[in-house]
Amino acid sequence: MGAGHGHRLHYHGHSVLHRAPAHLKLVTLVTFMLVVVSTPRGWFPVFAGYLLLLLGLVALSRVPFGYIGKRMLVETPFLLFAVLVPFIAAGPRVVVLGLSVSEPGLLAAWGLVAKGSLGVLASLTMAATTDPQDVLTGLRRLRMPDLIVQIMGFMLRYLDVVSAEMGRMMTAMRSRGCDPRSPRHWPVLARSLGALFIRSYERGERVHLAMLARGYDGTLPASSPRVASGARVGQGAHR
């Protein structure tokens, strides 16, 4: 169960970045993000330097650029919002490609796109070079509250279960002539998502009760080498 969970972003390899301790990569990622966010939007050469640094790390990791590039599509809604900012922001207007846009809004949009894209690229690079279970181990080494780490571990473990259930619901909808992409059928889709949420919540309750029945007291067995492996105590409560 959930054998492929969390590994959709991870790219198996043996580079220096793959072998680096997960807790060090977490600290480096957070530090880099703080530096990028605090950089003034007008420092264009600095942002170019950040980009070159990240591209160099991707090359060092030997992860194909296309592998990360396809996954950067996750920020598309964010980019669409940034495109609207120059048109709705106030302030002096300038003409760009024949369109009148707000100059402060244009700079703000640049900052959103640059900082957001660098953050996504850095995060995907770490995800591609770090096994999800190693991330959980790294969080424990960084003294992250154990309960939060457990929740993240269960989330990773059951992500594929919920995703597969959602896929089956979509297949059932299409077999009955319902197109989830059509606005006419969005009410049906909304009810399906609501039902999925309730079923997932109930599954979590059953798993928790199964764990309590097996002696769970808030901590996972110390003998477990992986944080998420403790979820095995509840895998009998899926159904």
Side-chain angles (χ1 to χ4, degrees), residues 1-10 22 26 29-30 71 73-78 80-81 119-120 123-124 126-128 130-239:
M1 182 276 298
H5 68 274
H7 295 274
R8 298 171 181 174
L9 297 178
H10 182 248
L26 283 168
L29 176 63
V30 173
R71 286 154 179 79
L73 294 176
V74 70
E75 67 168 341
T76 300
F78 180 81
L80 293 176
F81 170 76
V120 172
S123 300
L124 288 176
M126 178 185 166
T130 312
D131 186 274
Q133 300 302 328
D134 291 335
V135 174
L136 298 178
T137 303
L139 290 174
R140 298 190 74 177
R141 294 192 64 177
L142 294 173
R143 300 297 187 268
M144 176 72 71
D146 189 60
L147 184 58
I148 295 180
V149 178
Q150 290 183 42
I151 292 174
M152 295 177 65
F154 281 110
M155 179 190 70
L156 288 173
R157 187 168 185 84
Y158 286 95
L159 182 61
D160 272 2
V161 176
V162 177
S163 299
E165 190 166 350
M166 183 63 185
R168 291 192 295 270
M169 293 174 67
M170 291 297 179
T171 300
M173 292 171 61
R174 292 189 176 94
S175 67
R176 290 163 173 80
C178 178
D179 184 5
R181 296 172 297 181
S182 173
R184 294 190 300 108
H185 297 148
W186 281 356
V188 179
L189 178 61
R191 289 193 292 271
S192 300
L193 293 176
L196 178 62
F197 172 80
I198 294 174
R199 294 171 67 176
S200 300
Y201 181 84
E202 291 176 344
R203 176 183 286 111
E205 289 291 316
R206 293 195 299 271
V207 170
H208 184 244
L209 291 175
M211 293 172 64
L212 293 177
R214 289 161 175 78
Y216 176 73
D217 59 357
T219 58
L220 295 178
S223 59
S224 176
R226 300 279 194 178
V227 176
S229 63
R232 290 174 185 154
V233 298
Q235 72 180 39
H238 283 315
R239 301 179 176 86

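Keep in mind that the numbers below use all heavy atoms, side chains included, and drop hydrogens, waters and symmetry copies. If you're wondering where the values come from, they're calculated on a predicted model, not measured in any experiment.
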With distance as the sole test, does [X] use its side chain to make a donor-acceptor pair with the main-chain N or O of [Y] at under 3.5 Å?
{"X": "R141", "Y": "T137", "value": "no"}
{"X": "S182", "Y": "C178", "value": "no"}
{"X": "R140", "Y": "L136", "value": "no"}

**OP:** Applying side chain to side chain donor-acceptor pair (under 3.5 Å), name anything that partners S123, two or more places apart in sequence or on another chain.
**Re:**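 For S123 there are no side chain to side chain donor-acceptor pair (under 3.5 Å) partners, ignoring immediate neighbours.
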Original post:
Considering residues at least two apart in sequence or located in another chain, which fulfil the side chain to side chain donor-acceptor pair (under 3.5 Å) criterion with R199?
Top reply: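 Scan of R199 (side chain to side chain donor-acceptor pair (under 3.5 Å), adjacent residues dropped) gives E165.
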Original post:
Is it true that atom CZ of F197 has more than 12 heavy atoms of other residues, nucleotides or ligands lying nearer than 6.0 Å?
Top reply: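 Not buried by this count: 12 neighbours or fewer within 6.0 Å.
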How long is the gap from [atom1] on [X] to [atom2] on [Y], to the nearest 0.5 Å?
{"X": "R168", "Y": "S163", "atom1": "CZ", "atom2": "OG", "result": "10.5 Å"}
{"X": "I198", "Y": "R203", "atom1": "CD1", "atom2": "CZ", "result": "13.5 Å"}
{"X": "M166", "Y": "L196", "atom1": "CE", "atom2": "CG", "result": "6.0 Å"}
{"X": "H185", "Y": "S192", "atom1": "NE2", "atom2": "OG", "result": "11.5 Å"}
{"X": "F154", "Y": "H208", "atom1": "CZ", "atom2": "NE2", "result": "9.0 Å"}
{"X": "H10", "Y": "M126", "atom1": "NE2", "atom2": "CE", "result": "10.5 Å"}

Original post:
So which heavy atom on D146 is nearest to which on Q150, and how close?
Top reply: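 Nearest heavy atoms, D146 then Q150: OD2-NE2, 2.6 Å.
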Subject >> Closest approach of S175 to A172 (non-hydrogen atoms, all atoms of both residues) >> reply: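 For S175 and A172, the tightest heavy-atom pair comes out as OG-O, 2.7 Å.
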Original post:
Is there a side-chain contact between R206 and Y201 (heavy atoms, below 4.5 Å)?
Top reply: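 In short, these two side chains do not touch, never coming nearer than 4.5 Å.
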Subject >> Any side-chain heavy-atom pair of F78 and V120 under 4.5 Å >> reply: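 The answer is no, as the side chains (C-beta and beyond) never meet within the 4.5 Å cut-off.
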Among residues at least two apart in sequence or on other chains, which ones pass side chain to side chain contact (heavy atoms under 4.5 Å, CB included) with [X]?
{"X": "F81", "answer": "V85, L112"}
{"X": "R174", "answer": "M170, P180"}
{"X": "I148", "answer": "M144, P145, M152"}
{"X": "A22", "answer": "T130, D134"}

